[in-house]
Every structure is written in C-alpha cells, then in structure tokens.
Amino acid sequence: MLDIKKIRKDPEFFKQKLATRGIKAEEIDEVLELDQKRRDLLQKTEALKAQRNDASKKIGEAKRNGESADDAIKETRELGDQIKELDEKVEANDEVFHDKMSRLPNIPHDGVPVSLTEEGSVELRKVGKIRDFDFTPKHHWDVGENLGILDFDRARKVSGARFVYYLGLGAQLERAVYNFMLDEHMKDGYTEVLPPYIVNAASMYGTGQFPKFKKGVYQVNGEDMTLIPTAEVPLTNYYRGDVIPESELPVYVTALTPCFRSEAGAAGRDTRGLIRMHQFNKVEMVKYTKPEDSWDELEKMTANAENILKKIGLPYHVITLTTSDMSFTASETHDLELWMPAQNKYREVSSCSNCLDFQARRMHTQYRDENGKLQYVHTLNGSGLAVGRTVAAILENYQNEDGSVTIPEVLVPYMHGVTKITKENAVPFKK
RNA sequence: GGAGAGUUGUCCGAGUUGGCCGAAGGAGCAGCAUUGGAAAUGCUGUAUACGGGUUAAAGCCUGUAUCAAGGGUUCGAAUCCCUUACUCUCCGCCA
C-alpha cells in the first residue's frame with residue numbers, strides 16, 4: 001500500500017513512477033478525487049458527531065440532576081439520522097478508495113530498468129562456468145524419467161497435469177537439496193520456521209496477493225482459506241499487526257514449504273518437466289529490517305541465494321527485473337536464473353525483492369525508533385531457492401552420456417554417500 | 001462436533017443497575033530529584049489512527065474513532081442484544 005499523504009503532496013512523482021509499471025495517470029487522479037471526497041465527508045460527519053457528543057453530555061448532566069431532558073433528546077435524535085446517512089456515504093466511498101489504493105503497485109527504486117515488458121532487464125553478473133557437453137544434453141524430464149526417479153504419468157493419473165512423483169534417489173535428491181539450503185541459511189543467520197500452509201484472506205491481503213491476484217491461487221472450497229502460493233505469505237504475516245521490538249531487528253527467517261499455484265493463464269507454457277508445477281517445494285527467506293538498512297539487506301539476501309548455487313556448482317546469472325516484470329509489492333527485484341543446457345537458456349530459480357514499507361503498511365507492522373516513534377518496518381523476501389527447479393538444473397547440468405547423474409559434491413553427505421544416480425541404484429523397487 | 005467461561009491500554013487488572021470511562025489501580029518504561037555512583041525512595045510523564053488548524057520543522061492546539069471484529073437497540077454503549085473469530089475448561093472424536 002502506498003502512502004496517500006505522499007501521493008497528495010506530489011502526484012506527478014507517483015504518476016511518473018507508476019507509469020513505468022503500466023498504471024495510467026487517471027488512476028492516480030481517481031484515487032486523489034476519492035481521497036478529497038473522503039476528507040470532505042469526514043469533516044461534515046465529524047462536526048455533527050461533535051455536536052451530538054456535546055448534546056448527549058448535557059442530557060447526561062440533566063438526568064443526573066434529576067431534570068427533564070426530553071426536548072434535548074428530541075433534537076439530538078434528528079442529528080443521529082443525519083449522521084447515519086453521512087456515515088453510510090463515508091463507508092461507501094472508503095470501500096472504493098481502499099480498493100483502488102490496494103491495487104496500485106509499489107514505486108520502483110531509482111535505477112530499476114524501465115520497460116513495459118520483461119525485455120530490458122539488466123544483467124548484473126554471470127557466475128559459474130557453463131559446461132561444454134561432448135554429447136547432446138537431455139532435458140531434465142527425460143533424464144529423470146529414464147532413471148525412473150520422476151514419474152509424471154502416474155501423477156497425471158492421480159492428480160492431473162503439472163504434478164509429479166519423485167521416486168527413490170530422486171526424492172532423496174530433492175530432500176538433500178532443501179536440507180542443504182536450510183542449513184546454509186542457518187549459517188547465514190536465518191531462523192528456521194515451519195509455518196502453516198493454509199492462510200486466511202487477511203494474510204493474503206497483507207503480502208499483496210489479494211485483492212488483485214486471486215486467480216493464481218487455490219482456495220479452500222467455501223472457506224476463507226488459501227493454500228499458500230509461497231512461504232512469503234505466512235512468514236511475512238507472522239508480525240502482522242505487531243510492533244516489533246527494535247532490539248529484534250533485523251529479523252531473518254527461512255522456511256521450506258510446498259507452494260501451490262493454479263498457474264491459470266500459463267496454459268501451454270513449460271508443460272513438460274519440473275519448471276512449472278501446481279505444487280512445488282521452495283525454501284524462502286524473509287527479512288524485516290529498519291528502513292535505512294533494507295537496500296543493504298537486499299544485496300545480502302541475494303548473496304545468500306547465490307551462495308547455494310555457487311556451492312552446488314550450477315552456472316547462473318543475476319538480473320535486475322524491469323519495472324513491469326517485478327512483482328506487485330516489490331520496489332526492486334534481483335532474479336537468479338540457472339543455466340539449463342538442454343533448453344539452452346537461463347531459467348528463474350530465485351527472486352529477491354525489497355518491498356520497502358509497502359507490505360508493512362498493509363499489515364500494520366511497525367517498530368519503535370530511537371525517538372519512540374512508531375515506524376513501518378521494511379520487508380524483503382527471496383527464494384533461497386526453488387527446490388524443484390534446482391533439482392531440474394542438477395539433472396541437466398550434471399548428467400552423463402550414459403544417462404546417469406553425478407551428485408554435486410556438497411550434496412553427497414546429504415545423499416548418505418551416494419555420488420551418482422544410475423539406473424541400477426535409482427529406485428530400489430524397480431530393479 | 002456438544003456444553004460452559006472468557007477476550008479491556010506494553011503487561012497484569014478494575015469496571016457489566018448504559019451518561020461523571022480513553023478508561024481506576026498496579027507493574028513496566030522514560031524524565032527529573034536524591035546519591036561519589038548505584039539500589040531503594042519521591043515526583044512527573046507514558047496509546048494509536050484519521051481529519052482540521054498552526055509551524056521551516058520537531059511540535060502544539062482541536063475534532064472524530066478505537067475496551068477482539070462486525071452489526072443492532074439508544075439522545076448516548078467497554079457496559080444491553082445478535083453474528084463471527086479466537087482463547088480456556090469439560091465431553092466426544094482423532095494423528
């Protein structure tokens with residue numbers, strides 16, 4: 001949520017900044033009109049309420065003194081009717097106002113590449129050596145299915161498209177990867193959390209998924225409950241409505257959760273493989289910081305995500321997303337994209353964003369500064385990392401010509417010493 | 001799922017014959033005094049949001065709202081009624 005007071009003060013700034021995210025100037029004007037109307041109505045109704053409070057006080061005094069107050073009561077009764085009418089207007093106006101406000105995205109940080117599409121993102125750095133294959137690398141789904149560790153067919157039968165079974169060493173590899181990720185984040189100062197996977201609408205609103213992005217999620221039938229599309233929701237809403245003691249800041253948390261996404265509107269995209277699933281595992285990082293620290297913290301968080309890829313040994317690059325490609329709540333986003341040799345391109349594996357006070361305003365999450373004043377915290381979130389996509393990248397980048405997959409060195413202990421997945425050891429019951 | 005009790009400020013806790021309640025009292029915290037310094041003690045202060053006025057600003061003045069949330073009754077509700085959420089106790093069920 002943007003600060004209406006700031007919009008009031010400098011509408012042109014907001015029009016200009018939000019234009020880079022596809023918001024028309026008229027939408028700002030509309031919000032300002034509603035705000036003006038709101039204040040006009042408030043003044044009228046509050047004046048009437050003051051009058052009524054005053055009169056009621058006098059009635060109370062009269063009654064206590066045993067005097068009659070019938071006339072005064074009669075007069076005040078009319079005031080009540082007027083107030084009720086105005087209150088309804090205020091409420092109706094507020095509803096529209098809040099709805100419009102809650103659909104305006106965050107202001108992009110200075111320097112974020114301006115573009116109305118995803119084209120134009122800026123590459124910050126390229127890390128890791130892209131392997132030179134002396135055979136044609138297979139897609140990860142072929143590697144996985146040939147080994148028997150991924151079974152899309154039976155998942156399709158049991159659940160539907162965009163689901164998968166991991167089997168044997170495949171399932172263990174997934175577990176090895178996320179355990180490794182969590183352990184690394186703990187070394188970097190994050191506290192591990194195991195949050196709820198189903199949340200209420202207030203939480204979805206708090207992190208900005210609602211009201212604008214209801215289509216992408218799974219809603220529990222007939223209930224005010226949503227399957228989390230990312231652990232960002234339960235991790236960030238942890239402090240919704242709270243004042244965080246200054247001494248606790250910055251707070252670093254991390255969690256492994258499944259993420260559920262309906263992928264409405266993604267028909268035909270990435271229909272094969274682990275890239276775009278209705279259910280996938282992700283290790284998420286969330287930070288609450290003081291405003292002055294959030295940009296530094298974004299760099300650190302990005303480095304925390306990169307650390308995982310460096311240690312596993314997967315080539316990637318880091319890009320800054322364009323004004324339009326960023327998520328609704330973000331002011332700046334760094335994406336990590338993994339090299340997928342069979343696809344011959346980079347695929348997103350992490351998004352690290354600074355949301356400034358945008359989510360904190362929605363959630364009312366504050367802290368008390370040195371002067372004792374309440375201030376909104378800044379929130380950041382980043383994937384650290386998408387587990388399924390990391391596994392996919394391992395299968396592609398570490399595949400051998402004979403169809404086996406070498407386990408990256410750091411993961412071998414997590415695989416209980418297994419150094420290679422072969423047809424022979426992959427799935428015990430399929431021998 | 002059934003029955004009952006509860007939800008008040010940072011915390012504890014009073015207030016339920018409706019008006020004198022933004023809300024007693026205590027704790028905590030902050031400032032001042034006392035002290036060589038500290039403890040103890042004493043005094044003072046200690047909500048937030050939104051609007052209006054004023055200010056260079058910090059702030060100050062002022063109005064409205066807020067005693068879980070929403071609605072109702074009433075001139076007026078922390079107090080009465082309804083709905084919902086949550087907490088606790090007992091029973092049932094269950095991993």
Side-chain angles (χ1 to χ4, degrees), chain A residues 1-10 31-102 194-206 210 219-220 222-226 234 237-249 251 291 357-377:
Chain A
M1 185 79 86
L2 298 172
D3 185 351
I4 184 63
K5 287 181 184 166
K6 286 187 184 155
I7 301 181
R8 241 182 250 157
K9 233 182 222 168
D10 192 356
V31 161
L32 283 171
E33 267 171 51
L34 287 162
D35 174 55
Q36 186 59 51
K37 196 173 165 198
R38 172 172 154 271
R39 286 186 292 156
D40 289 345
L41 286 168
L42 271 183
Q43 280 185 47
K44 278 187 209 162
T45 176
E46 286 185 0
L48 286 178
K49 281 179 183 171
Q51 209 178 320
R52 180 179 67 182
N53 287 346
D54 214 39
S56 288
K57 210 175 265 175
K58 283 188 186 131
I59 292 169
E61 275 172 41
K63 290 236 164 161
R64 245 174 291 130
N65 297 334
E67 297 161 14
S68 158
D70 292 353
D71 291 346
I73 289 176
K74 215 173 280 173
E75 273 174 45
T76 315
R77 192 171 289 156
E78 281 171 36
L79 268 181
D81 292 341
Q82 289 182 47
I83 288 169
K84 201 170 180 186
E85 207 176 299
L86 272 171
D87 269 347
E88 276 164 20
K89 279 188 191 168
V90 170
E91 201 186 325
N93 190 76
D94 266 11
E95 203 175 301
V96 184
F97 172 71
H98 277 125
D99 186 65
K100 300 273 183 206
M101 279 297 287
S102 64
L194 205 163
Y197 301 160
I198 307 182
V199 297
N200 58 30
S203 296
M204 292 295 283
Y205 175 85
F210 286 1
Q219 198 83 35
V220 177
E223 287 191 53
D224 170 29
M225 294 297 236
T226 304
N237 277 281
Y238 179 75
Y239 276 128
R240 170 153 54 83
D242 289 339
V243 175
I244 306 177
E246 194 195 352
S247 59
E248 286 182 22
L249 293 173
V251 174
D357 62 358
F358 190 86
Q359 292 178 323
R361 282 180 179 283
R362 290 175 163 243
M363 300 191 302
H364 301 289
T365 301
Q366 299 169 307
Y367 79 102
R368 223 170 264 286
D369 67 15
E370 315 79 53
N371 304 318
K373 278 194 72 176
L374 285 174
Q375 296 231 23
Y376 288 109
V377 299

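Residue numbering restarts at 1 for every chain, and letters A, B, ... go by the order of the sequence lines.
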Nearest-Å distance for atom pair CE/P, residues A/M225 and B/A85: 11 Å
Protein-nucleotide distance (A/E246, atom CD; B/C29, atom P), rounded to Å: 17 Å
Any A/K5 side-chain N or O less than 4.0 Å from OP1/OP2 of B/C50: yes
Euclidean distance for P, B/G19 against B/A24 (whole angstrom): 16 Å
Residue closer to the 5' end of RNA chain B, A/I73 versus A/Y376 (nearest nucleotide): A/Y376
Sugar-phosphate only, base, or nothing, as touched by A/I59 at under 4.0 Å among non-hydrogen atoms: base
Minimum-distance nucleotide (side-chain atoms of A/L374 versus B/U48, B/G51, B/C75): B/U48
Sugar-phosphate only, base, or nothing, as touched by A/K44 at under 4.0 Å among non-hydrogen atoms: nothing
Sugar-phosphate, base or nothing in reach of A/K74, heavy atoms under 4.0 Å: nothing
Nearest-angstrom distance, C1' atom, B/A47 to B/U8: 13 Å
Atom-to-atom span, CG of A/L86 to C1' of B/G63 - whole angstrom: 15 Å
Donor on one side chain, acceptor on other, A/R240 and A/S203, under 3.5 Å: yes
Interatomic distance at P, B/U89 relative to B/C75, whole Å: 43 Å
Electrostatic pair A/K49:A/D87 at N-O distance under 4.0 angstrom: yes
Side-chain (A/R368) to main-chain (A/E246) donor-acceptor, under 3.5 angstrom: no
Separation of atom CD in A/E88 from atom P in B/G71, rounded to whole Å: 11 Å
N or O in side chain of A/R77 less than 4.0 angstrom from B/U74 OP1/OP2: no
Pairing of A/D357 and A/R361 as salt bridge, 4.0 angstrom limit: yes
Nucleotide of B/G52, B/U64, B/C75 approaching A/K63 most closely (side-chain heavy atoms): B/C75
B/A65 and B/G6, which share atom name P, separated by this distance in whole Å: 28 Å
Results of side chain to side chain contact (heavy atoms under 4.5 Å, CB included) for A/A62 - residues two or more places apart only: A/E67, A/A69
Nearest-Å distance once atom P is located in both B/G70 and B/G63: 24 Å
Side-chain donor/acceptor of A/N200 to backbone N/O of A/D224, under 3.5 Å: no
Check: A/T45 side chain, A/L41 main-chain N or O, donor-acceptor pair, under 3.5 Å: no
Nearest-neighbour nucleotide for the A/E46 side chain, B/U48, B/U64, B/C75 considered: B/U64
B/A65 phosphate, OP1 or OP2, under 4.0 Å from A/N53 side-chain N/O: yes
A/V251 side chain reached by A/Y238 side chain, heavy atoms, under 4.5 Å: no
Sugar-phosphate only, base, or nothing, as touched by A/A55 at under 4.0 Å among non-hydrogen atoms: nothing
Sugar-phosphate, base or nothing in reach of A/R8, heavy atoms under 4.0 Å: sugar-phosphate
Rounded distance in Å - CD (A/Q375) to P (B/A58): 13 Å
Between B/C75 (C1') and A/L48 (CG): distance, integer Å: 14 Å
Range-with-range stems of RNA chain B (Watson-Crick or G-U pairs under 3.5 Å, three or more in a row): B:1-7 with B:85-91, B:10-12 with B:25-27, B:28-33 with B:41-46, B:47-54 with B:59-66, B:68-72 with B:80-84
Which residue lies more 5' along RNA chain B, comparing A/K84 with A/K373 via nearest heavy atoms: A/K373
Per A/A50 side chain, nearest of listed nucleotides B/U64, B/G51, B/G19: B/U64
Selected nucleotide, minimal atom distance to A/R38 side chain, candidates B/C50, B/G71, B/C75: B/C50
A/R368 CZ - B/U10 P separation (whole Å): 8 Å
Pairwise P distance for B/C43 and B/A49, with rounding to whole Å: 31 Å
By side chain to side chain contact (heavy atoms under 4.5 Å, CB included) - contacts of A/R39 (at least two apart): A/R8, A/D35, A/Q36
A/D54/A/K58 salt bridge by N-O under 4.0 Å criterion: yes
N or O in side chain of A/R52 less than 4.0 angstrom from B/U74 OP1/OP2: no
Sugar-phosphate only, base, or nothing, as touched by A/S56 at under 4.0 Å among non-hydrogen atoms: base
Which nucleotide in B/C75, B/C50, B/G71 has an atom nearest any side-chain atom of A/E91: B/G71
Spacing of the C1' atoms in B/G15 and B/C21 (rounded, Å): 9 Å
Rounded distance in Å between the P positions of B/G9 and B/A78: 14 Å
Rounded distance (Å) that lies between atom P of B/C86 and atom CG of A/D224: 10 Å
